[in-house]
Amino acid sequence: LVGSEMCIRDRCKSMPQFQGSGFALMLPEGCGDASSYTFVLPAHKGFAPNLVIRFEDVKPGSAVAQHADAALEALSGQFADFKLVKRVAAQRPDWDGVMAVVEWGEGAARMAQKHLYMLVAGKPPRLYTLTATDLLANAKHSAPLFDQMLRSFSPNQTQRF
């Protein structure tokens with residue numbers, strides 16, 4: 001057991017450390033980061049709007065429009081009364097993207113989401129999906145906050161595995 005513990009300790013010395021929000025974790029070589037982050041805004045009229053940020057490394061030559069279309073198609077099959085309200089191409093100097101606004105559900109429980117799909121060049125390229133969610137009835141209140149948050153999003157290379 002002592003020899004095994006030493007072997008594990010020796011391997012851990014060469015493992016990179018990931019620093020998360022309030023935690024650190026040693027990771028084996030070749031480990032990929034596919035984190036998801038959820039930020040919850042203060043509740044408004046009984047519902048807490050939220051922003052979820054996910055990312056994944058994709059193959060070079062991937063097209064953001066194809067990723068967005070596939071994701072939106074999958075969503076359309078999951079929710080009753082799904083409606084694609086808006087879909088537009090988005091671009092900044094360092095990334096290509098697609099922004100989509102969707103709704104689903106019925107009555108007071110009808111939801112509104114804004115999706116931003118961003119393909120950022122790198123080795124490998126990374127696809128970010130930002131999803132802002134609130135009740136449709138609250139969207140006038142939360143939309144400006146979400147828009148400000150989305151505009152402030154800035155991909156970088158810090159601690160990228």
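Numbering of residues begins at 1 and proceeds along the displayed sequence.
Side-chain contact between Met118 and Pro155: present, with at least one pair of heavy atoms (C-beta onward) separated by less than 4.5 Å. The closest side-chain heavy-atom distance from Phe146 to Lys114 is not below 4.5 Å. Between Leu51 and Tyr37, every side-chain heavy-atom pair lies at or beyond the 4.5 Å cut-off. The side-chain heavy atoms of Lys86 and Met99, taken from C-beta on, include a pair separated by under 4.5 Å. With contacts defined as side-chain heavy-atom distances shorter than 4.5 Å, the pair Lys83/Arg110 qualifies.
Atom CZ of Arg54 has 12 or fewer heavy atoms from other residues, nucleotides or ligands within 6.0 Å.
Judged purely by atom type and a 3.5 angstrom limit, Arg126 has no side-chain atom pairing as donor or acceptor with the backbone of Val120. Judged by distance alone, with hydrogens and angles left aside, the side-chain atoms of Gln19 form a donor-acceptor pair with the main-chain N or O of Phe23 at under 3.5 Å.
Annotation for Leu116 and Ala90: closest pair CD1-CB, 4.5 Å, computed over non-hydrogen atoms.
Annotation for Leu119: hydrophobic cluster partners, listed by chain and number, are Phe47, Val58, Val64, Leu72, Leu75, Phe79, Phe82, Leu84, Val98, Val102, Trp104, Met111, Tyr117, Leu127, Leu135 (ILVMFWY side-chain heavy atoms under 4.5 Å, direct or chained).
Aromatic ring pairs are classed by plane angle as parallel below 30°, tilted from 30° to 60° and perpendicular above 60°; the pair Phe55 and Tyr128 is tilted.
The hydrophobic clustering, which links ILVMFWY residues whose side-chain heavy atoms are closer than 4.5 Å, places Val88 and Leu150 together. Following chains of ILVMFWY side-chain contacts shorter than 4.5 Å, one can reach Met149 starting from Leu130, so the two form part of one hydrophobic cluster.
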